[in-house]
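These figures come from a predicted structure and were not determined experimentally. Heavy-atom basis, side chains included; hydrogens, waters and symmetry copies ignored. Atoms within a ligand are numbered from 1 in the order they appear, just like the ligands themselves.
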Amino acid sequence: MRLSLRFVLPLLLVLAGIAYAVAPLVDRLTLSWFVRDLEIRSSLIANTIQDPLQEQLAAGKKAKIQEFFNRITQGERLYAVGYCASPTSTALASRSLPAEIRCTVLDRWEQPGDHLLQSTQGPLHVAVKPMVSEAAPGGRLVLVHDMSFITRRSEETKRYVFYFFMALAAAVSLITVIIAQLSWRGWMAGMRSLLRGEGLLRQPEFDTQPDLPGFKPIARDLQRLVRELEAETRTRDESQVTWTPEALRTILHSELSGEDVIVVSNREPYIHQRRGERVEVTRPASGLVTALEPIMRACSGTWIAHGSGSADREVVDKNDRVGVPPEKPAYQLRRVWLSPEEEAGYYYGFANEGLWPLCHIAHVRPTFRSSDWAQYVAVNRKFARAVVSEAKTKDPIVLVQDYHLALLPKMVREELPDATIITFWHIPWPNPESFAICPWREEVLAGLLGSSILGFHTQFHCNNFVDTVDRFLEARVDRESFNVSFGAKLTAVRRYPISIAWPPEAEMLQKSVPDCRNAIRQLNDLPPEHKLGVGVDRLDYTKGIVERLRAIERLLELNPDWIGRFTFVQIAAPTRSGIDEYQHHEAQVRTMAARINTRFARQGPPPIVLKIEHHEPRAVYEYFRAADLCFVSSLHDGMNLVAKEFVAARDDERGVLILSEFTGAARELPEALIVNPYDADQCAAALHMALTMPATEQRDRMRLMRGLVAEFNVFRWAGRMLLDAAAMRRRDRLTDKRDTSTL
Ligand code: ADQ
């Protein structure tokens with residue numbers, strides 16, 4: 001209403017101004033019309049009375065003439081009549097002739113134009129007409145009309161003009177306000193629904209409106225604008241948040257308070273192993289666990305995972321649940337049991353012999369067996385059932401982890417249509433041509449598209465996924481919003497680069513860097529000033545350990561000075577050792593390390609120390625802090641958390657990171673020495689550069705990398721995904737409310 005007034009008031013003022021300016025014009029115009037009218041009327045009267053008057057004059061009947069004049073001036077308008085035989089004579093006139101009008105001054109009114117006389121009786125019109133006769137050749141007739149009626153009419157006209165403009169203003173204002181209100185309301189409703197994102201969700205409707213030219217592009221532009229604004233707001237908000245577990249907990253509390261959060265992954269965060277009489281608890285060497293553990297601690301929920309430890313069944317309750325972390329339980333771990341056949345087909349078979357090499361393109365051929373696929377489907381269903389049974393509400397938030405559970409999102413969606421399912425794909429997504437070789441590609445894609453949000457580490461992987469969907473499914477892919485619509489369900493494909501907890505746990509940094517350097521050198525029989533490189537990986541062929549060893553060999557070939565002065569410790573956690581390819585890989589690494597050590601075993605410590613065993617995170621950090629360089633040479637890696645852990649470990653701002661360009665991390669850490677692991681010469685040069693890099697340069701590079709990892713930490717990764725999920729839920733609820741209110 002206030003907006004309408006703001007519009008109507010100026011309109012009224014403008015129209016009043018116009019009325020004010022127009023009234024005198026109208027006044028002048030009507031006056032000139034009336035004067036012209038009186039002129040004509042005077043001529044008419046003069047003509048009419050000419051003959052009787054001539055007769056009377058000829059008869060010399062002055063009294064009769066005056067009586068005649070008095071009679072004809074009794075009407076309303078003709079005020080007075082007079083006759084002057086000559087300019088010097090006395091006028092024969094009606095009683096009403098004003099004293100100002102005398103025969104001597106008639107010339108004044110004879111001229112065309114000026115016929116007005118402002119007398120004491122009011123405004124008068126004076127017309128002088130010749131009345132020629134033989135007796136009086138200079139005779140003139142004076143006709144005086146009353147003009148007060150013109151003043152009255154002029155006032156009336158002015159009033160009418162004013163009323164007319166006011167009525168016009170009122171009509172224009174009313175129509176304008178009605179139209180403005182209607183279109184404003186519609187526009188506001190449209191904007192509001194766009195801002196709520198309903199426009200995005202209902203986007204297909206735009207395509208069903210071909211009769212409105214220009215509507216679709218405008219709607220799309222508005223959507224883009226809203227998205228940009230959302231992104232801008234998000235960036236602004238994020239930049240104001242320091243992402244810590246507390247910040248995450250606070251945000252989740254305000255955004256997702258009371259929500260039911262379930263994590264599903266193949267790998268469990270805690271494994272109970274029987275060691276004789278004792279039950280030992282270990283944390284597996286997995287980037288995924290490293291990333292999700294702090295989140296589960298922040299928002300206590302349920303983590304569903306495969307119970308793989310030898311004592312796992314002994315510690316769970318009747319519902320297969322156990323509180324973890326064991327020292328101070330913060331959330332529930334629900335274990336899913338798999339038979340050896342299920343594990344072989346689902347985990348070793350389809351997931352790790354099929355999808356893993358398929359997605360990494362590390363020149364190991366994927367193997368696809370229909371028996372593995374059958375187990376993969378069955379185990380995904382088993383996990384999906386566990387999710388449904390653990391759900392406390394009909395719309396839980398389910399965080400699905402990784403390529404082992406690609407079918408689970410669709411299966412859960414079938415049982416819990418209102419669930420918000422966030423799936424994170426921790427490994428790369430290949431291009432459509434590479435993915436095409438999977439015999440069940442459509443099923444895998446459809447399974448993943450059961451998710452509300454599907455996350456990858458990099459935009460490159462998001463692009464690959466969307467391209468793959470576009471190629472193989474009858475789905476609608478919106479490349480602007482990165483939303484995929486499949487089977488009437490929308491999946492947002494988003495980039496969430498994973499990271500590590502920041503700051504690292506205090507116990508990781510407890511031992512000083514000099515102490516770590518001394519301890520590790522002593523442990524490995526290395527002299528105090530001996531240069532040390534470190535590699536920490538699962539013993540996986542995608543990690544490029546063979547290429548790494550080849551680069552070290554090349555360094556020693558090209559710079560023999562380093563022989564006996566530099567040792568590279570490779571810490572490699574055994575992994576998937578049931579798979580031939582991994583056994584072969586381990587053998588290859590061992591043989592190669594031995595060969596290089598033999599080749600350069602001239603004097604001093606060996607160039608390569610292989611430690612093929614699991615290490616506790618604290619031990620890994622001790623190596624990171626003791627080393628002069630860390631070498632990450634993955635042939636393809638979704639992100640690679642080792643690179644970020646090394647950076648986090650170096651609070652002394654020393655040490656050099658050599659990082660493969662084929663890791664997601666390389667996009668975030670350009671201050672590392674970025675290398676192509678297939679190029680042994682380039683890697684050898686990077687090793688030499690790292691070993692000789694001045695302390696100031698090390699500090700400058702390390703500072704920048706630490707700044708990035710601190711800011712883009714794992715709490716932000718989780719926070720962003722969960723905040724997006726929360727926003728999506730709010731939108732869905734609004735849509736539901738709207739839908740039910742229109743029923
Ligand atoms: P991973 O392939 O397991 O993860 P990565 O990201 O490097 O690879 O994480 C490995 C984790 O295991 C690190 O926390 C590391 O410290 C730990 N680790 C490695 N070797 C170890 C050892 N010998 N002893 C103890 N701990 C060891 C997958 C994807 C990655 C992605 C992560 C997270 O392949 O690309 O970064 O998930 O999404």
Notebook entry, point to check: Rounded to the nearest 0.5 Å, what separation is found between the CZ atom of R413 and the OG atom of S451?
Noted result: 7.5 Å
Next item on the list: Could you grab the distance from atom OG1 of T458 to atom CG of N464, nearest 0.5 Å is fine?
Entry: 8.0 Å
Hydrogens and angles aside, do [X] and [Y] bring a side-chain donor and acceptor to less than 3.5 Å of each other?
X	Y	answer
Y348	D372	no
D540	W356	yes
H426	Q401	yes
N266	Y403	no

Next item on the list: Could you pull out, from H426, K543, R267, the option with a heavy atom nearest to atom 1 (P) of ligand 1?
Entry: K543
Taking 4.0 angstrom as the limit and counting only heavy atoms of [X], give me the atoms of ligand 1 inside it, by number and element.
X	answer
G638	35 (O)
A572	23 (N)
I571	23 (N)
H614	24 (N), 25 (C)
E613	23 (N)
V536	19 (C), 20 (N), 21 (C)
V642	7 (O), 15 (C)
I498	33 (C), 38 (O)

Establish, yes or no, whether a centroid distance under 6.0 Å links the rings of [X] and [Y].
X	Y	value
F368	W373	no
H457	F424	yes
W440	Y376	no

Note to self: Parallel, tilted or perpendicular: which one describes the rings of F456 and F465, with boundaries at 30° and 60°?
What the structure shows: tilted
Item checked: Check: S633 side chain, S660 main-chain N or O, donor-acceptor pair, under 3.5 Å -> no
Nitrogen or oxygen of [X] less than 3.5 angstrom from that of ligand 1:
X	answer
I427	no
H360	no
F424	no
A573	yes
E616	no
W356	no

Next item on the list: Please state whether K611 comes within less than 4.0 angstrom of ligand 1, counting heavy atoms only.
Entry: no
Note to self: Heavy atoms only, cut-off 4.0 Å: how does D537 contact ligand 1, side chain, backbone, both, or neither?
What the structure shows: backbone
